[in-house]
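Written out below as structure tokens is the structure these notes cover.
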Number of protein chains: 2
Amino acid sequence: MARLPLYYRALLETAEREVSTISSERLAELAGVNAAKVRKDLSYLGSYGTRGVGYDVEYLLHEISRELGLTRDWPVVIVGIGNLGRALANYRGFGARGFRVVALVDANPELVGHPVGELAIEPVDELDRIVAEREIAIAILATPAVAAQEVADRVVAAGVTSILNFAPAVISVPEGVSLRKVDLAIELQILSFYQLRKFSAAAGESRPAEAAS
Amino acid sequence: MARLPLYYRALLETAEREVSTISSERLAELAGVNAAKVRKDLSYLGSYGTRGVGYDVEYLLHEISRELGLTRDWPVVIVGIGNLGRALANYRGFGARGFRVVALVDANPELVGHPVGELAIEPVDELDRIVAEREIAIAILATPAVAAQEVADRVVAAGVTSILNFAPAVISVPEGVSLRKVDLAIELQILSFYQLRKFSAAAGESRPAEAAS
DNA sequence: CCCACTTAGGGAAAACGGTCACAAGGTCGC
DNA sequence: GCGACCTTGTGACCGTTTTCCCTAAGTGGG
């Protein structure tokens, strides 16, 4: 379930405040969702809360981190070290949750060898070897759109079974490989869409584009 | 509809290949969705395809860009110029679609005045004035989690009605303000979740964590 | 001009996700 | 030990989204 990480973060914050028990209602508030949904999600985990009391924060944290695989160490490769790739490489949020960036790869020969944080950029030719040797199961793609499919094919062939795609392109992967995509431009376009509708609603117009101008 | 930007991009690529007409099936393939869904979405737009032929690429592009508000110029402010904020500021993908980054704001006094691309970083104290004067309706938040809610409150008070939140925190906004969030760590955790289930399925185990180790 | 073929449109059913409401279980004060 | 109170777990409902499938409309070849 895609909401588990949200609960996880909320629970982490709660644990820091040394609160030992939490109700589904409070947790729902922290995660920004409905209380019934929280209970449904957690019950699906088989996880046990105590009626009349709530959930034990520590225990629930442990259960969720186990379910999410956060107890394990996941080596990650980032392919495409442009603006975004570099930012991702430097992003501290990953390491804390068991995601360890162990390789940075780029197709540009001029970038190879260049250090980013504690790693040096490696050539894309060696992608197969890198993935295999370091037992990488998760790849982050931050390449240009045109290169995304080819890189995806290569990392999958080398053994990667989960891909997080930041390239603005639809890529296809074989059955059994997980794929998630984050597209910055699309997010903004969705906001723009609603923004426009706000204007048209306010102006009482039926033609949004007109209303917005 | 959140799929419109996907169609838009697919149509752009198609237009570049100088194809003048496209079937719902082909478009569905390019966008990675179901053909019936494409037709439903487009018919909801009131947009006209021609039976037996397909959709006129140019016309459809025009209709969608109008619907998405891409014909308009949207000034955008980025708040929080850390790794991610800087990458977003340099990201070329925005400008092309009518999103123009017109201000970079950070709370760190040492960063103020520092140039990033063609803009200089401005102090967070002036956020209200900046948003009002430049008629900014869309804000991108790339601050640390603890600052996110406060910044959100401020930009909303100043007149922003759409927020794209990259900070790993749940923030709440008043009715009428659109909010979308992108959380990198959460995306990875979701992948990790499925990754774990793959292992457990392969091993025929019922306890995923055990199977993965 | 007609017929075979292609493709959008849209009604109907199915699947999904979310919410509600309530019963069951547990705590705490007295 | 009992009753008032709280909170989980879950079955039923409801709205939305997705998918299926058939009809209508248009094209092109003979």
Side-chain angles (χ1 to χ4, degrees), chain A residues 1-8 10-11 14-15 19-64 67 170 172 179-181 186 190 193-194 197, chain B residues 1-8 10-11 14-15 19-64 67 170 172 175 178-181 186 190 193-194 197:
Chain A
M1 208 63 79
R3 277 184 302 268
L4 244 32
L6 235 50
Y7 303 150
Y8 182 74
L11 286 168
T14 307
V19 178
S20 66
T21 189
I22 189 169
S23 72
S24 62
E25 199 155 345
R26 178 88 184 104
L27 184 50
E29 191 187 330
L30 289 174
V33 299
N34 179 300
K37 212 185 296 185
V38 171
R39 291 200 293 275
K40 266 264 160 69
D41 290 345
L42 295 184
S43 79
Y44 156 83
L45 268 189
S47 198
Y48 270 35
T50 320
R51 303 184 176 191
V53 179
Y55 299 88
D56 183 279
V57 175
E58 287 300 331
Y59 180 66
L60 198 51
L61 261 178
H62 178 256
E63 284 299 303
I64 291 182
E67 191 76 11
V170 175
S172 60
L179 173 65
R180 292 191 66 84
K181 75 179 209 301
I186 282 185
I190 293 171
F193 173 78
Y194 288 117
R197 309 206 105 203
Chain B
M1 208 63 81
R3 276 183 303 268
L4 245 32
L6 236 50
Y7 302 150
Y8 182 73
L11 286 168
T14 307
V19 178
S20 66
T21 189
I22 189 170
S23 72
S24 62
E25 200 154 345
R26 177 88 183 104
L27 184 50
E29 190 187 330
L30 288 173
V33 299
N34 178 302
K37 213 185 297 186
V38 171
R39 291 200 293 272
K40 267 269 155 64
D41 289 346
L42 295 184
S43 79
Y44 156 82
L45 269 189
S47 197
Y48 270 33
T50 318
R51 301 182 178 191
V53 179
Y55 298 90
D56 183 280
V57 175
E58 287 300 331
Y59 180 67
L60 199 51
L61 261 178
H62 178 257
E63 284 298 305
I64 292 182
E67 190 76 10
V170 174
S172 59
E175 184 107 2
S178 309
L179 173 66
R180 293 190 67 84
K181 74 180 210 302
I186 283 184
I190 293 171
F193 172 78
Y194 289 115
R197 308 205 107 204

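Note that the structure is predicted; figures quoted are calculated from it, not measured. Each chain gets a letter, A, B and so on, in the order the sequences are listed, and its residues count up from 1.
- Two residues are said to be in side-chain contact when any heavy atoms from C-beta on lie closer than 4.5 Å; A/Leu30 and B/Val170 fail this criterion.
- Using a 4.0 Å cut-off, no side-chain N or O of B/Thr50 falls inside it from OP1 or OP2 of D/dG26.
- Position along DNA chain C of the nearest nucleotide to A/Met1 versus A/Val53 favours A/Met1 as the more 5'-ward residue.
- A sub-4.0 Å separation between OP1 or OP2 of C/dG26 and a side-chain N or O of A/Tyr55 is absent.
- Between the CG atom of A/Leu42 and the P atom of D/dT10 there is a distance of 12 Å, rounded to whole Å.
- Atoms CD (A/Glu25) and P (D/dG9) sit 15 Å apart, rounded to a whole Å.
- Rounded to whole Å, atom P of D/dC20 lies 11 Å from atom CZ of B/Arg39.
- Atom CG in A/Leu45 sits about 14 Å away from atom C1' in D/dT8, given to the nearest Å.
- Residues A/Leu27 and A/Leu42 form a side-chain contact, since some pair of their non-hydrogen atoms from C-beta on lies under 4.5 Å apart.
- B/Phe193 is listed as a side-chain neighbour of B/Arg197, based on a closest heavy-atom distance under 4.5 Å.
- Computed from coordinates, the B/Asp41 CG to C/dA8 C1' distance equals 14 Å when rounded to whole Å.
- At a threshold of 4.0 angstrom between heavy atoms, the contacts of B/Arg3 are confined to the sugar-phosphate backbone, with no base atom among them.
- Interface remark: the B/Lys40 side chain does form a donor-acceptor pair with the D/dT19 base, using a distance-only criterion of under 3.5 Å.
- Put simply, OH on B/Tyr48 is 16 Å from P on D/dA24, counting in whole angstrom units.
- The shortest side-chain heavy-atom distance between A/Arg26 and A/Tyr55 does not fall under the 4.5 Å cut-off.
- Among the heavy atoms of the strands, none lies under 4.0 Å from B/Leu27.
- In this structure the side chain of B/Leu60 never reaches within 4.5 angstrom of the side chain of B/Tyr7, judged on heavy atoms.
- Counting distance only, with no hydrogens placed and no angle test, the side-chain atoms of A/Arg51 and the base atoms of D/dT8 include a donor-acceptor pair under 3.5 Å.
- Summarising the geometry, the separation between OH on B/Tyr44 and P on D/dT16 is reported as 13 Å, rounded to the nearest angstrom.
- Along DNA chain D, the nucleotide nearest to A/Gly52 and the one nearest to A/Ala36 differ in position, and the one closer to the 5' end is contacted by A/Gly52.
- In this entry the distance linking CG of A/Asn34 with P of D/dC14 reads 17 Å, nearest Å.
- A sub-4.0 Å separation between OP1 or OP2 of C/dT19 and a side-chain N or O of A/Lys37 is present.
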